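Remember, it's a predicted structure, so these values are computed and weren't measured experimentally. Letters A, B, ... are given to chains in the order of the sequence lines, protein chains preceding strands, and every chain is numbered from 1.
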Amino acid sequence: MKLLTAVVQQHKVDEVRNSLAELGVRGMTIADVQGYGRQRGHTEIYRGAEYEVDVVEKTRIEVLVDDTDADAVLRAVVSSARSGRVGDGKVWVTPVESVVRVRTGETGDQAV
Amino acid sequence: MKLLTAVVQQHKVDEVRNSLAELGVRGMTIADVQGYGRQRGHTEIYRGAEYEVDVVEKTRIEVLVDDTDADAVLRAVVSSARSGRVGDGKVWVTPVESVVRVRTGETGDQAV
Amino acid sequence: MKLLTAVVQQHKVDEVRNSLAELGVRGMTIADVQGYGRQRGHTEIYRGAEYEVDVVEKTRIEVLVDDTDADAVLRAVVSSARSGRVGDGKVWVTPVESVVRVRTGETGDQAV
Amino acid sequence: MNSGDTAWVLVCAALVMLMTPGLALFYGGMVRSRGVLNMLMMSLASLGLVGVLWVLYGYSGAFGSDLGGVGLLGSPLEFFGLSRLVGAEDTSDTIPTFAFVAFQAMFAILTVALISGAVADRARFGPWVLFAGLWASLVYFPVAHWVFAFDTTNESGEITAVGGWIANRLAAIDFAGGTAVHINAGAAALALVLVLGPRTGWPRGTGKPHNLPLVVLGAGLLWFGWFGFNAGSALTAGTTAAVVFVNTLVGASAAMLAWMLVERVRHGKPTTLGAVSGIVAGLVAITPACSAVTPLGAIAIGAAAGAGCALAVELKSRLRFDDSLDVVGVHLVGGLIGTLLVGFFASESAPAGVAGIFYGGGADQLWRQAVGAVAVFVYSLVLSWLIAWLLQRTIGFRLDERGEHVGIDETEHAETGYHFGDAGSTLRGSAAGERGSVEELEGSVR
Amino acid sequence: MNSGDTAWVLVCAALVMLMTPGLALFYGGMVRSRGVLNMLMMSLASLGLVGVLWVLYGYSGAFGSDLGGVGLLGSPLEFFGLSRLVGAEDTSDTIPTFAFVAFQAMFAILTVALISGAVADRARFGPWVLFAGLWASLVYFPVAHWVFAFDTTNESGEITAVGGWIANRLAAIDFAGGTAVHINAGAAALALVLVLGPRTGWPRGTGKPHNLPLVVLGAGLLWFGWFGFNAGSALTAGTTAAVVFVNTLVGASAAMLAWMLVERVRHGKPTTLGAVSGIVAGLVAITPACSAVTPLGAIAIGAAAGAGCALAVELKSRLRFDDSLDVVGVHLVGGLIGTLLVGFFASESAPAGVAGIFYGGGADQLWRQAVGAVAVFVYSLVLSWLIAWLLQRTIGFRLDERGEHVGIDETEHAETGYHFGDAGSTLRGSAAGERGSVEELEGSVR
Amino acid sequence: MNSGDTAWVLVCAALVMLMTPGLALFYGGMVRSRGVLNMLMMSLASLGLVGVLWVLYGYSGAFGSDLGGVGLLGSPLEFFGLSRLVGAEDTSDTIPTFAFVAFQAMFAILTVALISGAVADRARFGPWVLFAGLWASLVYFPVAHWVFAFDTTNESGEITAVGGWIANRLAAIDFAGGTAVHINAGAAALALVLVLGPRTGWPRGTGKPHNLPLVVLGAGLLWFGWFGFNAGSALTAGTTAAVVFVNTLVGASAAMLAWMLVERVRHGKPTTLGAVSGIVAGLVAITPACSAVTPLGAIAIGAAAGAGCALAVELKSRLRFDDSLDVVGVHLVGGLIGTLLVGFFASESAPAGVAGIFYGGGADQLWRQAVGAVAVFVYSLVLSWLIAWLLQRTIGFRLDERGEHVGIDETEHAETGYHFGDAGSTLRGSAAGERGSVEELEGSVR
Ligand SMILES: Nc1ncnc2c1ncn2[C@@H]1O[C@H](COP(=O)(O)OP(=O)(O)O)[C@@H](O)[C@H]1O
Ligand SMILES: Nc1ncnc2c1ncn2[C@@H]1O[C@H](COP(=O)(O)OP(=O)(O)O)[C@@H](O)[C@H]1O
Ligand SMILES: Nc1ncnc2c1ncn2[C@@H]1O[C@H](COP(=O)(O)OP(=O)(O)O)[C@@H](O)[C@H]1O
């Protein structure tokens with residue numbers, strides 16, 4: 001089991017989801033996060049005081065995948081999340097020792 | 001050290017927390033997330049336009065636990081988060097190489 | 001590659017960021033989370049009904065770092081996030097098997 | 001026709017109308033976020049349904065010729081659709097009948113909406129609409145007749161048309177509706193709570209107010225509109241309206257201070273929700289009394305209501321009924337306080353010209369007040385309970401547990417109050433058109 | 001001078017003024033959260049710009065001496081800056097000219113703001129301001145002359161000053177602006193949508209209303225203000241105003257019920273957005289008709305508008321135009337329904353005293369209504385299209401795709417609507433001063 | 001008694017009352033989200049406390065018989081509790097005394113609330129309430145006497161009762177309170193900032209406005225209410241009120257445009273916060289001038305205030321004082337601009353009938369304006385500083401650093417403004433009752 005975590009542009013979520021669905025992966029967990037990186041933020045002005053916002057809104061996607069699928073899923077995420085511009089984000093894979101589906105208690109590949 | 005991550009139904013958080021407290025685990029970190037999975041979302045209607053909301057609000061719980069406790073904690077989370085219906089969520093365990101308590105600099109089991 | 005996750009006091013984020021910048025680490029991903037731990041929450045009152053809020057607002061920081069930098073980064077986070085009071089939070093390190101920069105497809109150390 | 005009086009009453013009608021959206025926001029901000037829309041919708045439904053019913057037969061039931069001359073009900077079909085009134089010669093030397101129709105319409109609408117606060121997060125919407133219609137017809141319209149329909153007399157003082165029994169035979173003082181509006185709605189709220197039971201999980205885990213600025217906004221609009229409610233009830237723009245206006249101000253002010261003080265003493269800190277609750281409690285209590293007391297009397301009544309209601313709302317968890325947003329604790333208790341204190345604080349120098357116990361009058365006025373209050377309370381409680389019980393037994397009033405769990409907004413209205421992020425939902429096929437043509441469209445952007 | 005009438009018209013002017021912020025919130029809550037500020041700003045800009053233009057030459061163009069006596073335009077410089085009116089002897093026995101100026105100013109401001117709902121999230125702000133100014137000058141001021149400028153006659157009935165052609169020659173009934181305001185704005189909205197094209201990604205992924213309580217608040221303020229809009233148009237505080245007031249209430253009430261019913265039948269659940277949309281649709285439709293029908297007629301027109309608009313707003317995705325917040329579906333369609341139904345439901349007993357088809361009159365009034373509606377529609381559509389097209393061709397009206405993607409608030413106004421958390425932004429050097437001195441300052445806290 | 005005038009003044013009193021909740025929301029939206037409630041509470045406290053004080057001795061201090069005939073203070077106990085006024089024969093042929101009492105009460109309340117914007121996020125609530133009471137008593141009531149209490153004269157023009165020195169001896173023009181309200185509050189705000197010091201961390205990290213739609217709503221309600229504030233100050237519904245009304249509209253409109261222009265030039269983009277700040281700046285500046293200028297003059301004064309305040313608010317970080325929400329930059333600066341420009345733009349054809357420098361008058365009026373402005377500024381600054389300093393020295397006015405860090409809402413009011421999610425808090429034992437009985441209760445749901 002692997003856990004694939006991706007931090008991507010917010011508007012890419014639907015595309016990532018579709019590309020994973022094509023691989024048969026339907027489950028995932030997403031969250032709103034804020035990213036710092038190469039991508040510059042923007043400036044806001046309130047009554048003449050300028051604020052530099054150096055975070056960028058991103059979406060964090062977590063997908064549990066079978067060892068054998070990990071590579072294909074990684075590739076699918078990367079290609080569907082890519083726009084080619086700075087700020088496209090990162091994807092990383094970490095090892096998972098065990099997974100349980102809460103409803104049934106199933107573990108391992110059955111659980112995802 | 002292990003990191004146990006659980007994605008559960010929002011209203012199960014208190015029960016999970018109580019069951020962990022019984023095991024002596026008091027610390028944890030939680031966040032609002034949105035899940036895709038087998039569980040169907042719902043439909044919203046705005047001026048006749050129907051929106052299919054296919055995410056479900058979930059809560060993500062992270063608990064750092066001692067290697068030896070990992071199994072018991074996992075079991076406790078699973079049983080307290082279970083309702084038996086689709087959408088109960090997942091729990092997974094990942095290896096942790098080191099943990100530090102910021103306040104004291106303690107590491108390892110002392111830190112949690 | 002390592003993934004360093006820190007749960008810290010919200011108002012320490014800027015300091016953590018600065019200390020990492022000094023080590024040359026500029027990228028990171030942050031999220032609002034809620035923590036349970038030793039730190040007590042506070043009480044809110046609505047028309048005489050008292051609510052015990054036992055979560056504390058925290059910020060969760062994720063940083064991908066090179067194996068060799070992991071230790072230095074860990075130390076920097078710990079020292080910059082410390083106030084010495086209960087509730088300063090935790091930092092932990094987990095192994096990462098692979099990282100990809102979405103924009104370029106670069107992997108490993110190049111990706112962060 | 002007096003244009004100044006007409007302008008005044010029409011403006012006041014608009015002010016009172018605004019109270020219902022104000023109340024909706026006041027209530028809406030107090031529930032958890034996934035129930036805010038249903039809370040808003042219960043008030044909106046009253047604006048829709050009671051607005052129409054008022055024109056059809058409500059005005060007639062409240063202000064039509066008394067049936068049998070006993071002061072219990074007006075003839076409901078006499079002015080059906082107001083048709084007889086349109087184009088009729090209107091020789092009044094104060095205001096046109098239609099101005100009075102409009103002003104009183106807003107009272108009916110608001111009173112029904114007030115009830116909804118008791119049943120947050122658990123009343124199915126369809127049955128609520130039915131309840132609103134039945135309650136307005138069977139409870140509000142008659143009670144409005146009792147309290148607001150005054151006898152008409154000719155120059156020699158003979159009664160030419162009989163009005164409601166509380167206003168005339170009993171001669172209880174209820175200037176702007178402490179009984180007809182607040183005790184009435186409070187009793188209905190109590191009945192609904194008894195029939196529907198508490199929210200699942202109550203009192204643990206039913207949530208804190210999700211948007212207090214919205215609550216403050218609602219309270220601000222309520223207070224603003226309440227000047228129309230009370231001072232408009234003078235029906236002319238003169239000294240009475242002006243005195244009532246000042247009393248409405250200081251009654252609420254004093255109540256706010258009193259509520260905050262109680263909180264400060266009992267819980268250590270004055271809260272925002274407490275302050276605005278104090279405002280509303282004070283406004284409720286001064287409503288029946290505003291024409292009968294001096295400004296100092298208004299301060300006393302306001303302070304009593306602020307402190308009294310602050311204590312009253314803490315009782316519900318002890319008495320174990322989930323009056324979710326304290327309709328009983330604020331409107332019933334506040335209405336009783338105001339109605340009864342008239343018997344003590346009424347001053348002969350005030351516009352109503354009656355002396356209460358503290359101003360040299362006897363207990364005469366007090367028992368009149370008490371009889372009026374009890375009559376409305378009992379009538380409303382019994383009728384409301386029957387209507388609600390019937391609805392629960394037949395079509396089912398209460399939301400099922402799954403619906404409550406998921407949230408009533410989603411279950412009953414297929415909507416969510418807020419979307420601050422934008423991920424995660426797609427427009428369904430039908431409305432979206434085929435994909436191809438959408439892309440075509442996008443191409444057409446110049 | 002009649003102080004009652006003056007008080008009435010001035011209060012109504014204030015009520016109508018409040019409709020523009022109300023509309024801003026109504027619209028603002030309906031867009032996605034990263035476009036809420038721009039939506040608010042489009043209405044605010046109208047308050048700023050049209051307010052000033054009205055004083056400069058707008059009032060004069062609408063109500064100055066008719067140019068050539070053909071009823072098309074007032075003389076725009078006659079009352080430039082209103083200078084001639086200040087201090088002029090005002091012997092009217094009803095209201096001061098300035099009260100009328102103020103009241104009508106608010107109509108001009110609101111009408112321009114109404115249009116903005118059609119172009120959510122994609123109109124550059126500078127060009128919008130230009131559009132607002134040009135549209136007010138070239139479309140609204142003339143049309144207001146057509147519809148609202150009545151002939152002045154002397155005692156013997158001779159015309160001493162010629163007014164607009166629709167009000168006088170055609171004698172269409174448009175009491176408070178079904179044509180001049182709603183059809184006019186609706187047609188302009190349609191033109192803007194045609195020129196600017198749909199939002200990128202529309203109809204998928206352009207988001208749901210981000211803040212429905214804000215939408216409900218906006219609708220509440222609109223309804224409240226609309227009493228001033230309609231009943232104030234009587235310009236005196238008397239029976240006409242009172243009848244209009246009641247019609248404005250029940251027209252909206254009935255429309256709300258009708259819209260909810262349509263939703264219940266077609267989609268299974270009545271929604272909050274539907275209920276408030278029904279309110280607005282009913283108010284739009286009753287606007288031209290409110291003086292011409294009985295309360296029962298108002299209920300009929302309201303119900304027709306509520307149901308009609310509920311169906312109309314579903315057409316846009318089929319017809320493939322992104323009228324984002326349904327200005328066409330609600331204001332154009334509702335305005336047409338109300339204007340035309342006058343021809344059917346007008347009753348001789350109502351203040352306007354004209355009989356429609358259902359009340360024994362012939363089709364005479366109907367064709368007058370139709371001609372008025374079509375004339376305003378065509379004029380507004382063509383002119384609005386030309387102005388928008390010109391702006392798009394020259395300076396570019398539409399936001400670029402990057403701007404749309406990032407969000408129009410950030411792109412056009414450098415702001416974000418909401419910041420519920422507080423992490424992640426630091427004040428830039430210049431405004432912050434050097435760091436050292438800031439710390440100094442902190443030390444000075446006593 | 002004139003019913004039209006009475007209706008007008010009472011409605012205007014209600015409009016001005018609404019300004020305080022409007023201001024609360026305007027301010028509340030501008031602070032960071034964890035301070036919104038305290039900001040709302042500071043205004044609410046004024047509604048509570050000053051409302052009561054006004055009735056007790058405030059009205060009497062401002063409008064009671066002048067003490068010593070020097071125009072400095074009314075006799076504070078003459079009308080204690082307004083008791084002498086209730087039931088007194090009121091033979092005025094315009095409005096009842098109580099209408100005037102109500103109208104002026106709202107001014108006192110609003111002025112105190114205005115100050116609070118300067119000390120966001122750091123003033124302890126208890127001391128704030130004390131400050132509000134002391135400031136109203138020692139600063140506002142006297143200054144209101146100076147500016148708003150006019151001499152009473154008999155038919156032959158002899159003075160029968162002496163009023164305030166600024167209104168009568170100096171004869172400065174301050175129609176609706178440029179000095180008494182805005183300069184007064186602005187000077188007090190400055191004093192508070194000096195005593196309390198800046199927020200910890202200011203100017204970095206003290207946060208951006210957390211809810212701009214709320215700010216826009218507040219501004220909308222302020223503008224709406226301001227029509228009552230200015231035009232109501234005429235105290236009759238006639239030409240003066242109507243002219244003032246139009247000036248209040250265009251003054252604000254022009255100021256909004258001017259502020260947006262300054263932003264466009266200096267920062268590249270017009271912002272929402274800028275637009276609404278411009279509205280308020282324009283309203284402040286036109287307040288003293290609205291009866292003395294033509295609409296073109298109002299546009300000029302509005303534009304000057306919009307641009308002037310837009311520049312002024314940028315100074316605070318340079319001058320290093322944390323006037324958090326720009327009470328000084330908008331109300332003091334705007335009030336000065338308006339008060340002084342009367343000396344230039346006053347036109348004899350306007351209702352006040354005085355000519356300023358640009359309209360052929362000499363500098364006479366200008367120095368009167370300047371003396372009035374300076375007198376109020378100095379008096380308010382000194383007294384306010386003393387009161388605040390005393391409170392800080394004795395009971396401590398400023399919140400401690402921990403409280404600021406955690407957030408003032410939690411520290412002072414034990415509440416949080418918003419709860420959009422629902423996780424993470426459980427009701428404490430006492431209020432929840434034992435668990436068992438709760439489950440019992442749940443079983444009773446039918
Ligand atoms: N070292 C890191 N650890 C964790 N997250 C990171 C790291 N670097 C970047 N990120 C995340 O990836 C996002 C994109 O990174 P950025 O450097 O802006 O662009 P790119 O990946 O295209 O070079 C950031 O907004 C942040 O959320
Ligand atoms: N492969 C996955 N990776 C990460 N999270 C998942 C995955 N599958 C499901 N989840 C999370 O678990 C939640 C429950 O999953 P779901 O399939 O709906 O029900 P169940 O686990 O009961 O079969 C989802 O809402 C999602 O948050
Ligand atoms: N076992 C744990 N697993 C995950 N997160 C934890 C754990 N214990 C504590 N935390 C997080 O660390 C934060 C600080 O912990 P706390 O015990 O309050 O203080 P300290 O670390 O200073 O002893 C908590 O709010 C929570 O978010």
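For a heavy-atom cut-off of 4.5 Å, chain A lies close to C:P95, C:V96, C:E97, C:S98, C:V99, C:V100, C:R101, C:V102, C:R103, C:T104, C:G105, C:A111, C:V112 in residues 87-112 of chain C.
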Query raised in the report: So C:D69 and C:L23, side-chain contact (heavy atoms from CB on, under 4.5 Å) or not? Walk me through it.
Result: CA-CA 9 Å; C:D69 298 345; C:L23 292 180; over 6 Å; no
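A donor and an acceptor atom, one from each side chain of C:R17 and A:Y36, are located under 3.5 Å apart.
Contact check for C:L20 versus C:R26: no side-chain heavy atoms found under the 4.5 Å cut-off. Using a 4.5 Å heavy-atom cutoff, the side chains of A:T5 and A:R60 are in contact.
For the set A:R38, A:Q39, A:K58, A:R75, the entry with the most heavy-atom pairs within less than 4.5 Å of chain C is A:R38. For the set A:V77, A:V86, A:L4, A:V56, the count of heavy-atom pairs under 4.5 angstrom toward chain C peaks at A:V86.
Distance check, rounded to the nearest 0.5 Å: CD of C:Q10 to CD1 of C:I30 gives 9.5 Å.
Across every non-hydrogen atom of C:V63 and C:G27, the tightest pair is CG1-O, 3.6 Å.
Every residue meeting the side-chain hydrogen bond (donor to acceptor under 3.5 Å, both in side chains) condition with C:D66, not counting sequence neighbours, appears here in chain and number order: C:T68.
Neither the backbone nor the side chain of C:I61 has a heavy atom closer than 4.5 Å to any heavy atom of chain A.
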